[in-house]
Amino acid sequence: MNLKLKKVTQDEQNASPTAEKTAMQDFLGGLNDAQRTAVTTTKGPLLIVAGAGSGKTRVLTYRIAHLIQHGVKPWEVLALTFTNKAAAEMKERIGRICSEDAARRIWAGTFHSIFARILRMEAESLGYTNTFTIYDTDDQLSVIRNAMSSLGISTQTISAQSIRSAISSAKNQMASWQDYATNASDFRERQIAKVYETYERTLRRNNAMDFDDLLLNMIRLLESSEQMLAKYQTRFTHLLVDEYQDTNRAQYIAVQLLAGAHRNVCVVGDDAQSIYRWRGADIRNILDFQKDYPEATVVRLEQNYRSTKSILAAADGVIKHNRKQIPKTLWTENSDGDPILIVQSRDDREEAERVVTIIQQEVQSGGITPRDVAVLYRTNAQSQPLEDALRRSNVPYTIISGVSFYKRKEVKDTAAYLRLLINPNDGESLLRIVNEPSRGIGDTSLGRIQAWAEVQGIGLLDAFRRSGDIPSLMKRAQNAAYDFASLVDRFAGKRDELPPDELAQQYIESTGLLQMYREQHTDEAEDRYNNIVRLLTDISEYTLTEEEPSLQDYLQRLALMSDVDEADTTKNRVALMTLHAAKGLEFPVVIIAGAEEGLLPLVKDNSHADEREEERRLMYVGITRARERLYITYAERRMRFGSVEYSTPSSFLHELPEETVNWSARKRRSEQFERNRFDAPPAYSQPQLAQSAPQPAPRNIPMRMPATKPAPPPKPAAPMRPAFDDIPSTENYSQMDGGSTHVAVRRGMKVAHKLFGNGTVESVTGTGDNQKAVINFPGAGRKHLMIKFAKLEVIG
DNA sequence: CTCAAGTCTCCGAAC
DNA sequence: GAGACTTGAG
C-alpha cells in the first residue's frame with residue numbers, strides 16, 4: 001500500500017507522458033476514497049479541505065479531466081489558481097490526460113489575469129477602452145505621490161506607502177472613495193480620502209486599473225445588468241478555486257456571482273496555510289463556505305503523501321499552538337525519516353556558510369542535486385548573505401522574487417514607453433519616461449504643460465502634441481514636447497503594420513534610451529543596456545510562440561506575472577525564496593533560515609495575537625514544503641538595516657516536538673566569541689552587559705549595539721571601536737555598525753564639519769543613531785544635524 | 001536644466 | 001545598507 005501510493009506520487013513528480021497516460025486509463029484507481037469523492041462529485045458546491053501534501057493538485061487536475069470526459073466543454077471550466085505557473089502546470093497535465101486542444105481552451109489562471117482578460121473584452125461597457133493599462137504597486141505609489149503634492153499633503157506627515165495600503169485595503173473591502181470619505185473620522189483619514197479621490201480620478205483619466213480594480217471592475221461588470229451576469233454564468237458552468245483560504249472579499253463576491261445560478265463551485269483550501277491576511281485575505285471565506293452553500297459536499301484530504309513522519313509531526317507540533325484552527329489530523333504512511341536538524345550560528349554570515357555546508361553535504365551524500373533543495377526565509381533582505389555564500393562556493397542557485405528583473409528601473413522604463421504606445425492616456429507612464437533620456441523637459445516645463453492640460457481638460461500627451469499653444473512654455477520646451485509626442489504618434493501609427501517585436505525594437509531604439517546607456521560606458525550602464533535587450537528578446541520569443549501576439553497582451557502578462565511565475569525550474573539550481581513564495585511548492589530538502597524571535601515570527605511587541613498566528617502558519621507552510629529532510633537555522637545576531645541586532649531563537653522552535661528535532665552543538669568558535677565580547681571590555685563597553693554575559697538578549701527585544709558613550713575623547717579623536725572589534729573572526733562588522741563609529745558630541749564642544757567649518761555644539765538630543773545636535777557655525781549659521789551622518793570631527 | 005553629492009527613508013510578505 | 005529623493009553648483 002505504502003509503496004503503491006509512493007509510486008503514484010513519484011509519477012506525479014516525474015510527470016512523464018507515459019506515466020500520465022497510464023494514469024489516464026484508470027486515474028481513479030490511484031486515488032484514495034476522499035480524493036476519489038473530490039474528483040467525481042461534479043454537481044453542486046464542493047469544499048475540499050486539503051491538508052499540506054495531500055495530493056491536491058492531482059485531485060484538481062483529475063477533477064477537470066473528469067468533467068471534460070463527462071461532457072463538460074473545456075471552455076466552460078473556470079479554474080482560478082494562485083499563480084499563473086500553477087495554472088500552466090495544471091493545463092499541461094490535463095493536456096496529457098485529455099487533449100492538448102482541450103487543455104488550451106480551459107480558462108485557468110489567477111483571478112487577476114482571468115479577470116483582466118474578460119475586462120479587455122468588456123472594457124467599453126465600464127467606461128474604459130480595451131487598451132487600458134494595469135498599474136502595479138510602483139505605479140500606484142507614483143500616482144499617489146503626485147496626488148499628494150498637488151493636494152499639498154506632505155509625505156512627511158503620511159507616507160505614500162501607508163496611503164497606498166489604506167486605499168488598497170479599502171478597495172479589498174469594496175469601499176469606494178465616497179464610502180471612505182463618509183466614514184473618515186479623523187484628520188489622517190480625511191487626508192487619505194482626498195488622495196483616494198484624486199487617485200481614482202487619475203486612474204480613470206489614464207485609462208488604467210490597479211490590481212484591486214481588476215477584481216472590483218469584474219464585480220461591477222457582473223452587477224451591471226442581468227444579461228451580463230447571465231452571460232458569464234452560462235459561459236462558465238463549473239468553477240474551481242484553489243487556495244480559497246487566501247481569497248479576499250472582492251474575490252469571494254466575484255465567485256458568488258459567477259456561481260450564483262448553477263452553484264457548481266468547487267473550492268479547495270487549508271485554513272492552516274492562510275498567510276495573506278495582510279493583503280486582504282479573509283479566512284472566513286473558507287470557514288463560512290458551508291453557510292453560503294448549505295448543500296455543499298465536504299471532503300477532507302488528510303493523508304499526506306509528501307513528507308516523512310518526522311516532518312509532519314514537526315508541522316503538527318507547531319500549528320496546534322494556534323487557537324483559531326480547524327482541528328484536523330494529517331497522517332502519512334511514509335517512513336519516519338530523519339530528525340529535523342536545528343543549526344545555530346553566530347551571525348547571518350556564518351548562518352549562510354552553514355547553509356552552504358548543508359547543501360554540499362546533501363549533494364555529496366548522494367541522491368540530492370541542487371534543484372532538490374530550497375532555502376526559505378521570512379524577508380527578502382535575508383537573501384543577500386545567502387547569495388554571497390553560495391556564489392563564493394560555486395553552488396548554483398536561483399532567487400525567486402526579490403528585486404526581480406521586471407522591477408528594474410530600465411526594464412520598467414522600457415515597459416512604460418511601450419505602455420504609452422498602446423494607451424496614449426497613460427499619463428503615469430508618460431511622466432516616468434518623458435525625460436529619460438534627457439530631452440530638456442524638466443520639472444518646470446512639465447508643470448506648465450500639466451497645468452495647461454488640466455485647464456483645457458485634455459490628456460497629457462494631447463497637450464504635448466499642442467505644446468505650441470502653451471503660452472507659458474519656452475520655445476525650446478515647446479519643441480521638445482512636440483517632438484516627444486511625434487515620436488510616440490509615429491510608432492503608434494505602425495501598431496497594425498509591424499509585429500510586436502519589431503515594433504518594440506524600432507520604437508525603443510528611436511527613444512534614445514538604448515543609446516543613452518551605450519554612451520555612458522560604465523558597468524552599470526552596460527547591465528542596464530543588456531537588460532533592455534533582454535526584454536526586447538523576450539518580446540521576440542513571445543511574438544514567435546504566441547498564436548495571436550500583441551504588445552498589449554504582452555504588457556498585461558508582464559504586469560500580472562507573479563514572482564514564482566518567472567522562476568526557471570528547468571535549471572539544476574538551489575532555489576532561494578521567501579516563505580510566502582514557497583506556498584504550493586515542495587522540495588526533498590528544505591532549509592528554513594533566520595528562525596529568530598523578531599524575524600520568524602516577524603512580530604512587533606504590540607502586535608496582535610492574530611498576527612502571531614499568521615506567522616505560525618507561515619512556519620507551518622515552510623515546514624510542510626519538505627519531503628525528506630528539514631533544516632532550521634538561526635543566528636545570534638544579524639545585520640538589519642545597517643546595524644547589528646541580537647535576537648533569541650524563534651519561540652516556534654520550542655514548539656517542535658522534542659523527539660523529532662536534533663539541536664546541533666554550538667560551534668566552539670562561537671563560544672569563544674561570546675567570552676571575548678564581554679570579557680575584554682575596552683573603556684566604552686557597558687557594565688550591565690558584562691554582567692549578563694552568558695545570557696542571550698531578552699526575548700522580543702532586538703538589541704542594538706551599545707552606543708558609544710560620551711567619554712572624554714582624546715585628541716585627535718582616536719578611533720573608537722566597538723568592544724568586539726578586535727575579535728578576528730568578525731571581520732567587517734565594526735565598519736557596518738552605524739551606532740558605534742560616529743563621534744560622540746556634547747554641549748560646548750568645538751567640532752569641525754566638512755562643509756560648514758568649525759562650530760560650537762549648543763545642544764544634543766536623542767541617543768544612538770537618532771542623536772541630533774544643534775551646532776552654531778560662525779561661518780554658516782546654526783545647523784541641526786544628525787550625528788550619524790554629519791561626519792563631525794571633534795577639535796576641542 | 002542637469003548632474004553629482006548629500007540627505008533621508010525604508011526596511012513584511014505580493015497579485 | 002540600498003535606493004529614493006532633495007539640494008546646490010555649474
Side-chain angles (χ1 to χ4, degrees), chain A residues 80-84 109-116 134-138 140-142 145 149 155-156 159-162 164-165 168 172 209-215 243 246-248 250-251 275-281 376-382 384-385 400-404 407-409 435 437-446 474 476-477 480 556-565 577-583 594 598-604 607 611 614-615 617-618 621-622 639-645 732 735-738 754-755 769 784-786 788-791:
Chain A
L80 298 162
T81 57
F82 201 70
T83 63
N84 289 306
T110 61
F111 275 92
H112 291 90
S113 50
I114 295 283
F115 288 0
I134 297 167
Y135 279 179
D136 68 14
T137 313
D138 284 345
Q140 289 183 284
L141 279 174
S142 93
R145 288 202 191 95
S149 90
T155 46
Q156 305 285 322
S159 76
Q161 181 56 56
S162 71
R164 197 207 68 81
S165 41
S168 181
N172 280 330
M209 298 187 198
D210 63 24
F211 291 137
D212 301 316
D213 287 334
L214 294 173
L215 309 176
E243 308 285 3
D246 278 327
T247 51
N248 64 25
Q251 289 167 325
I275 54 175
Y276 283 97
R277 221 175 61 108
W278 52 272
R279 74 171 201 213
L376 312 179
Y377 37 79
R378 179 64 177 81
T379 66
N380 278 310
Q382 286 168 259
Q384 206 168 315
I400 292 167
S401 167
V403 183
S404 73
K407 287 176 191 127
R408 284 162 175 257
K409 179 191 184 307
N435 216 20
S438 307
R439 295 190 170 85
I441 307 170
D443 284 347
T444 318
S445 306
L446 205 49
M474 305 226 298
R476 203 153 48 140
Q556 173 164 317
R557 290 180 192 210
L558 207 62
L560 297 179
M561 184 148 63
S562 74
D563 288 324
V564 182
D565 292 340
M577 70 190 92
T578 63
L579 288 155
H580 282 91
K583 188 164 93 155
L599 187 60
L600 176 62
L602 182 75
V603 284
K604 298 172 196 116
S607 33
E611 290 178 41
E614 178 143 321
E615 295 291 315
R617 290 193 292 269
L618 202 49
V621 166
M639 294 294 296
R640 269 183 101 185
F641 36 99
S643 57
V644 179
E645 285 190 4
N732 296 327
Q735 259 183 302
M736 302 185 224
D737 179 25
K754 203 172 127 199
L755 244 68
D769 284 359
H784 295 253
L785 300 171
M786 294 278 287
K788 187 183 177 186
F789 296 111
K791 299 195 181 104

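Keep in mind that what you see is a predicted model, and the values were worked out from it rather than measured. Residue numbers begin at 1 in each chain, while the letters A, B, ... track the order of the sequences.
A residue-by-residue look at A:A581 and A:D443 shows that A:D443 has its nearest nucleotide of DNA chain B further toward the 5' end. Residues A:S438 and A:T578 both approach DNA chain B. Their nearest nucleotides, taken by heavy-atom distance, put A:S438 toward the 5′ side.
B:dG12 atom C1' lies 14 Å from atom CZ of A:R277, rounded to whole Å. As rounded to whole Å, 11 Å separates atom P of B:dA13 from atom OH of A:Y276. Going from atom CG of A:L618 over to atom P of B:dG12 covers 14 Å, rounded to whole Å. Distance CE (A:M561) to P (B:dC15): 10 Å, rounded to an integer number of Å.
Note on A:R145: only backbone sugar-phosphate atoms sit closer than 4.0 angstrom, heavy atoms only; bases stay farther off. When heavy atoms are screened at a 4.0 angstrom cut-off, A:R164 is found touching base atoms of the nucleic acid. Residue A:D136 is classed as having no contact, given no heavy-atom separation below 4.0 Å to the nucleic acid. At the heavy-atom level, A:S159 lies under 4.0 Å from the strands shown only through sugar-phosphate atoms.
Remark: A:T137 is not in phosphate contact with B:dC15, judged by side-chain N or O atoms under 4.0 Å from OP1 or OP2. Here A:N248 does not reach the OP1 or OP2 of B:dC15: none of its side-chain N or O atoms lies under 4.0 Å away. OP1 or OP2 of B:dT2 lies within a sub-4.0 Å distance of a side-chain N or O belonging to A:N435. Between B:dA13 and A:N380, a contact under 4.0 Å exists linking OP1 or OP2 to a side-chain N or O.
Contact annotation: the side chain of A:L599 approaches that of A:R640 to within less than 4.5 Å [non-hydrogen atoms, C-beta and beyond].
In this structure, a donor-acceptor pair under 3.5 Å is absent between the side chains of A:S162 and A:S165. With hydrogens and angles left out, the side-chain atoms of A:S562 and A:D565 include a donor and acceptor closer than 3.5 Å.
The A:T444 side chain lies nearest to B:dC1 when the options are C:dA2, B:dA13, B:dC1.
The side-chain ring of A:W278 is not stacked on the base of B:dG12, judged by centre separation under 5.5 angstrom and plane angle under 30 degrees.
Here, B:dG12 and C:dC5 have their C1' atoms 23 Å apart, quoted to the whole Å.
For a distance-only test at 3.5 Å, the side chain of A:E615 qualifies as a donor-acceptor partner of the base of B:dG12.
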